[in-house]
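Notes to accompany the following structure.
Worth saying up front: this structure is predicted, and the values here are computed from it rather than measured. Only this structure's heavy atoms are used, side chains among them; waters, hydrogens and symmetry mates stay out. So that the names make sense, note that chain A is the first sequence line, chain B the second, and so on, each numbered from 1.
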Number of protein chains: 2
Amino acid sequence: MTFVFNEREKCGSCPIRHRAICARCDEDELTLLEGMKSYQTFEAGQPIIWRGDDLTHFASLVSGIASLSRTLEDGRTQMVGLLLPSDFIGRPGRETVDFDVTAVTEVTLCRFQRRPFEDLVERVPHISQRMMEMALDELTAAREWMVLLGRKTAREKIATFLEMIVRRETVPTQSIQEYQLPLTREEIANFLGLTLETISRQLTSLKKDGVVEFIDRRHFRIKDLNALHLASGDDADGGVIV
Amino acid sequence: MTFVFNEREKCGSCPIRHRAICARCDEDELTLLEGMKSYQTFEAGQPIIWRGDDLTHFASLVSGIASLSRTLEDGRTQMVGLLLPSDFIGRPGRETVDFDVTAVTEVTLCRFQRRPFEDLVERVPHISQRMMEMALDELTAAREWMVLLGRKTAREKIATFLEMIVRRETVPTQSIQEYQLPLTREEIANFLGLTLETISRQLTSLKKDGVVEFIDRRHFRIKDLNALHLASGDDADGGVIV
DNA sequence: CGGCTTGTTGATTTAACTCAATGCCCGTGG
DNA sequence: CCACGGGCATTGAGTTAAATCAACAAGCCG
């Protein structure tokens with residue numbers, strides 16, 4: 001079953017149908033969205049929108065990975081979130097964009113023009129309800145990341161990051177699995193509030209300690225999940241039984 | 001006009017009527033909330049709810065200041081937000097609480113039992129719409145704080161913090177005004193991801209540089225607003241005309 | 001086969017932390 | 001009324017985790 005990113009495609013078979021902003025919509029509401037949507041694709045590395053730009057469209061990320069970040073004048077950059085399929089871009093009620101959005105991999109967006117979509121948010125409770133849920137989830141994630149940025153050591157930061165990747169991708173039954181780093185060392189550094197050299201050093205340190213194993217620069221395996229969790233600095237009990 | 005925190009009081013004259021979760025509600029919807037609300041007061045320093053606790057009530061903060069924070073096992077604490085009047089506590093759809101909530105000053109909450117309130121969120125679009133707006137605003141604030149925690153220097157962090165206080169309290173016309181630090185040095189440190197000694201040192205440094213002036217430990221005046229803004233590390237142009 | 005991007009490793013510096021002493025303010029009780 | 005003690009804040013001395021600067025290695029692509 002392939003879904004082609006074409007406006008004539010039905011939303012019903014869209015890969016993010018049940019997680020995106022439309023998750024709670026019924027058939028009729030979906031038809032409204034169907035009439036408004038348009039797709040747009042960005043190559044890896046391309047900027048999608050800059051902070052301060054006029055917000056002409058809202059969008060759901062359908063495929064690929066994008067980053068949300070802010071750069072200070074002297075070039076210091078902090079990533080404030082990774083956008084994955086079903087994540088939403090734009091803030092109804094605002095005229096401009098607060099953070100830079102950049103395609104990390106090739107990205108496809110399902111876009112809606114601002115005005116018509118804002119009207120829909122007002123008129124269709126299923127959309128504002130879903131938007132509320134998603135915003136609250138992201139808020140919790142952002143706050144947890146604040147703890148990481150403010151209080152964790154470099155090693156804890158990387159361990160947390162690796163654990164996050166493992167959790168996202170793991171189906172509980174899978175055993176020794178290969179995972180992929182979606183970001184370069186520099187991007188990881190900007191996500192964790194560190195420098196790329198520190199990322200490199202801490203990765204080799206985790207490697208030396210037998211926690212992870214690298215197939216190549218971008219692919220790794222977890223050799224000791226319990227040790228990884230301990231290294232993350234989170235809740236000592238939370239993970240595997242000791 | 002005094003508003004007494006008594007269940008028989010009408011919501012119409014509540015001090016946070018037009019900013020809280022009820023902001024968009026009409027008279028009828030307000031009556032529903034009126035029938036559900038109860039007030040609770042906490043002394044300064046008291047815990048309001050702990051991470052992991054069952055969420056029995058949602059609440060709007062009516063008066064005072066509370067903090068939202070997380071503490072790692074070894075005692076490292078990171079504050080992830082300050083709750084001010086009209087801010088909301090609790091996440092509809094979750095059973096437990098994600099962060100510790102503590103009264104910084106004396107705090108009064110307007111509370112709603114979980115189940116009935118969750119039903120209301122489903123049935124009354126004005127509530128989910130307002131909740132969405134508030135969550136999105138907080139999300140932007142949280143992300144901006146992530147930039148501070150991940151990339152700003154100690155001096156920039158404190159300057160940003162002071163500027164935040166000044167912005168919150170200032171009516172544009174006011175001139176040389178006195179502001180109050182709502183937190184102790186230690187609490188500021190936990191908010192900014194620093195230690196209390198660093199807070200102290202940086203405050204005296206800003207004092208020496210003629211940026212601020214202290215009346216006592218908790219009260220200060222801004223001597224050079226432009227310099228304060230420059231020290232915050234934010235957008236070089238954003239503030240006062242150079 | 002170079003040239004470019006990305007990543008690793010080493011040497012050195014530095015901003016912020018830690019540890020420790022002292023000061024200040026305020027309330028309480030002799 | 002003054003002494004004492006506890007909480008909060010300041011300041012100093014020394015340490016350290018991560019940043020910076022710099023060289024080099026490993027892929028990758030035309």
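Between the CD atom of Glu187(A) and the P atom of dG7(C) there is a distance of 8 Å, rounded to whole Å. The CG-P distance, from Leu196(A) to dT8(C), rounds to 9 Å in whole Å. Taking atom CD of residue Gln202(A) and atom P of nucleotide dG7(C), one finds them 16 Å apart after rounding to whole Å. Look at NZ on Lys157(B): it is 14 Å from P on dA15(C), rounded to the nearest Å. Rounded to whole angstrom, the span from the CZ atom of Arg76(B) across to the P atom of dT18(C) amounts to 9 Å. Atom CD1 in Ile199(B) sits roughly 12 Å away from atom C1' in dC17(C) (whole-Å rounding). Rounded to whole angstrom, the span from the CG atom of Leu203(A) across to the P atom of dT9(C) amounts to 10 Å.
Taking the nucleotide of DNA chain C with the nearest heavy atom to each of Arg201(A) and Arg217(A), the more 5' of the two is matched to Arg217(A).
Of all nucleotides in DNA chain D, those with any atom nearer than 4.0 Å to a heavy atom of chain B start and finish, going 5' to 3', at dC8(D) to dA13(D).
The aromatic rings of Phe58(B) and Phe88(B) lie parallel to each other, with less than 30° between the two planes, well short of the 60° mark.
Among residues two or more places apart in sequence or in another chain, the side chain to side chain contact (heavy atoms under 4.5 Å, CB included) test is passed with Arg217(A) by Arg185(A).
Screening residues 144-155 of chain A for side-chain hydrogen bond (donor to acceptor under 3.5 Å, both in side chains) gives Glu144(A)-Arg70(B), Arg151(A)-Asn190(B), Lys152(A)-Thr160(A), Lys152(A)-Asp234(A), Thr153(A)-Glu156(A), Arg155(A)-Ser205(A), Arg155(A)-Asp209(A) as the qualifying pairs, with residues at least two apart or on separate chains.
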